[in-house]
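Naming convention: chains lettered A, B, ... in sequence-line order (proteins, then strands); numbering from 1 in each chain.
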Amino acid sequence: MKLYEYLAKRAFAEAGIPVPPGRVVSSPAEAAVVCREIGPVAIKSQVLAGGRGKAGGIAFADWPHEAEARAAEILGKEIRGYRVEELLVEKKLTVQAELYFGVAVEGAARRPVVIASTQGGVNIEEVPEKAIVRRAVDPIWGFRPYRAREVVRRLGLTGNEAGRLADILHRLWQVFRRYDAELVEINPLVLTSDGPVAADGRLNVDDYALFRHKDLPAVEEGSDRERKARSLGLAYVELGGDIAVMANGAGITMGTLDVLQELGGRPANFLDAGGGAGVEPMTRAIEMLLDQSPKVVLVNIFGGITRCDDVAQAVVAARASCGTEVPFVIRLVGTNEGEGLAILREHGLDAYTGMEEAAARAVALARGR
Amino acid sequence: MAILIDEKTRVVVQGITGNQGKFHARLMAEYGTRLVAGVSPGKGGADVDGIDVYDTVEEAVERHGANASIIFVPAPFARDACLESLEAGLGVVVAITEGIPVHDAMEVMAFARTKGAVVVGPNTFGVISPGKCKLGIMPARAYAPGPVGLVARSGTLSYEIAAALTGAGLGQSTVVGLGGDRVVGLNFVDVLRRLEGDPATSIVVMVGEIGGTAEEEAAEFIKGMTKPVVAYLAGRSAPPGKRMGHAGAIIERGRGTFESKVDALTGAGAAVARLPWEITGLVQERLSTAAGD
């Protein structure tokens with residue numbers, strides 16, 4: 001789960017990392033109030049999209065009336081598919097230099113990596129490798145203060161400032177641990193005459209660890225259907241084509257989409273109903289597929305944990321509740337295959353045993369043949 | 001021969017009193033896996049289908065000489081379960097559990113390294129050496145003993161491929177599910193290295209997917225392999241930035257794309273199937289070429 005900038009900064013502040021003074025507001029009048037209190041401000045849309053600045057989601061104001069006007073322009077705006085409902089209004093910084101500090105999970109190495117650069121303010125991917133210091137961390141031993149000092153030394157920084165920066169980097173590691181983060185970034189970490197300040201930040205919490213972070217507000221990403229599917233415990237991604245797809249297991253679902261595309265079809269979605277989902281969530285899932293108004297629905301099941309009779313029941317139930325005319329192409333093999341086929345045939349449906357034939361049939365139907 | 005597990009493997013089932021644990025313990029026992037004990041904290045003294053249940057893994061090791069474990073405990077308790085079996089000295093730990101926090105997984109893998117043990121998964125379908133030992137949740141009828149080593153990130157897709165191979169008379173030496181999470185105990189290279197050294201394996205099929213760099217690293221290793229490799233990759237049609245079911249199946253910041261994986265594997269001399277049902281044909285072709293050498 002990605003957290004909004006202001007939540008990331010709240011986590012930084014709790015850990016003792018300096019952030020600019022400011023507040024979250026949801027009206028232009030409030031923006032003016034904050035500006036009156038703290039002077040010149042940055043007004044930043046709180047959306048999960050990157051590149052907010054280029055998309056007109058960030059503005060600056062020196063005076064309250066100006067802050068009110070800029071806030072009014074940004075609130076309600078669509079930024080890369082997200083409507084702006086909240087603004088972070090905070091003190092405008094006088095920038096002397098911009099750094100990058102981050103900690104990320106490195107999947108291939110199975111451990112965290114600390115990343116730092118003196119070239120902050122841009123995506124770290126765009127920074128040349130020789131300007132980046134990376135240090136792998138033993139997840140049991142942790143990232144100790146002395147290692148933070150060494151990273152900062154390698155950036156070529158010295159003196160008092162180096163001490164402060166090492167302290168911030170070590171605290172960033174603590175945020176990474178405390179929040180079960182997949183990624184935490186300060187970018188840019190701005191050097192000002194008053195010392196370093198985290199001007200912008202990113203904190204992505206591992207979805208699997210949310211049970212340990214019940215105090216975090218749920219930040220909802222994706223389309224309405226994607227959110228609904230998540231609430232049913234199903235993995236769903238909208239793709240925009242006309243062949244709705246349900247399969248069981250991430251790999252076979254991806255494989256089904258690839259096959260459809262290879263045969264000239266256009267998949268409408270990714271929907272993995274695997275992992276032994278019961279009749280009820282699968283029924284809801286198929287109803288959701290029908291709600292996309294597809295030309296055809298392709299169900300591709302190789303049942304292991306997933307039982308074919310459960311799938312058949314869900315198909316029958318969803319078709320009945322939606323009263324749909326949309327054709328279904330079903331491929332059903334595996335656990336309780338016979339029972340599943342019997343249920344389908346009772347309701348005038350049939351099933352294929354091969355994925356190839358089923359996919360070809362779905363593509364033909366979508367093309368009106 | 002086979003890799004990781006065989007007829008001598010003595011298995012303890014962690015979480016044997018839960019629905020999944022009980023169900024799959026029965027299926028594994030029916031397959032012929034030597035299930036020597038179950039563990040379920042607080043349920044010591046019980047028995048599940050004739051298998052003794054203990055409170056701790058150490059007790060199961062002391063009494064039954066268990067040397068491998070399969071874990072079905074819920075995600076919030078899975079780190080502890082994994083660490084417990086590693087501490088008890090088990091050499092192979094298969095974590096079926098889905099949804100283990102990535103920080104927990106990193107700790108488990110670091111500890112496994114210090115113990116010289118192998119963790120398979122998490123979020124895996126497990127490992128099977130057909131005819132010898134099944135340590136997982138895969139449908140047994142998809143497999144038969146034979147010369148193909150199969151390694152996959154995804155479960156159902158690999159069942160599909162294993163069943164097609166078996167149907168064509170191409171059995172398997174060992175089939176390993178790496179797991180769909182971002183941090184897993186075994187990567188493709190770890191399994192390829194073992195299959196390359198396994199006398200019972202004469203060809204390898206690897207089933208990858210978008211996201212991460214494990215397939216690209218595998219390609220580097222394949223360059224030095226003597227055994228032929230056939231690959232299939234899922235996720236050609238996946239849009240960037242979207243998680244395709246598996247936590248690890250996501251194209252992030254331009255990395256982990258389908259094209260980069262296909263290019264790497266093709267460049268390393270692997271035969272890459274465009275469609276899943278082409279795999280069997282490619283395996284037959286490569287096997288007969290290898291035999292003709």
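- For a residue to count as touching a neighbouring chain, one of its non-hydrogen atoms must lie under 4.5 Å from one of that chain's; by this rule B/I100 touches chain A with the backbone only.
- In terms of heavy-atom pairs under 4.5 angstrom with chain A, the leader among B/P139, B/G235, B/A105, B/P239 is B/G235.
- Looking at B/F125, there are no atoms closer than 4.5 Å to chain A (heavy atoms on both sides), in backbone or side chain.
- Both the backbone and the side chain of B/P101 come within contact range of chain A, with heavy atoms under 4.5 Å apart.
- Contacts between B/E160 and chain A at a heavy-atom distance below 4.5 Å involve backbone atoms as well as side-chain atoms.
- Between the side chain of A/T253 and the main chain of A/G249, a donor-acceptor pair closer than 3.5 Å is present.
- No part of B/N19 comes within reach of chain A, as not one of its non-hydrogen atoms sits under 4.5 angstrom from that chain.
- Taking the charged nitrogens against the carboxylate oxygens, B/D104 and A/R212 do have a contact shorter than 4.0 Å, which makes a salt bridge.
- Proximity to chain A is absent for every atom of B/V207, based on heavy atoms less than 4.5 angstrom apart.
- Between the side chains of B/T166 and B/Q172, a donor-acceptor pair is found at a separation under 3.5 Å.
- Looking at B/M109, the atoms closer than 4.5 Å to chain A (heavy atoms on both sides) all sit in the side chain, from C-beta outward.
- Both the backbone and the side chain of B/A110 come within contact range of chain A, with heavy atoms under 4.5 Å apart.
- Heavy-atom minimum distance, B/G177 versus B/V120: O-CG1, 3.2 Å.
- Of the listed residues A/E262, A/Q261, A/E226, the one with more heavy-atom pairs under 4.5 angstrom with chain B than any other is A/E262.
- For the residue pair A/N248 and B/T156, the shortest heavy atom distance occurs at O-OG1, 2.8 Å.
- A donor and an acceptor atom, one from each side chain of A/Y179 and A/D206, are nowhere located under 3.5 Å apart.
- Between B/H103 and A/F176, the two ring planes are tilted [angle within 30° to 60°].
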Test log, rule side-chain contact (heavy atoms from CB on, under 4.5 Å), inputs A/V333 and A/I301: CA-CA 6 Å; A/V333 294; A/I301 303 294; over 6 Å; no
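- Your options are A/P139, A/G334, A/A108, and the one with the most heavy-atom pairs under 4.5 Å with chain B is A/P139.
- Ring centroids of B/F188 and B/F221 are separated by 6.0 Å or more, keeping the two rings apart.
- Neither the backbone nor the side chain of B/A164 has a heavy atom closer than 4.5 Å to any heavy atom of chain A.
- For the options B/M138, B/E209, B/R141, B/R182, heavy-atom pairs under 4.5 Å to chain A are most numerous at B/R182.
- Of the two parts of B/R153, neither the backbone nor the side chain holds a non-hydrogen atom closer than 4.5 Å to a non-hydrogen atom of chain A.
- Using a 4.5 Å cut-off between heavy atoms, A/R177 touches chain B through backbone and side chain atoms alike.
- Interface check for chain A: of the options B/A238, B/S154, B/A234, B/S237, the most heavy-atom pairs under 4.5 Å are formed by B/S237.
- Looking at A/A235, the atoms closer than 4.5 Å to chain B (heavy atoms on both sides) all sit in the side chain, from C-beta outward.
- In this structure, B/Y159 and B/Y143 have perpendicular ring planes: the angle between them is above 60°, well past the 30° mark.
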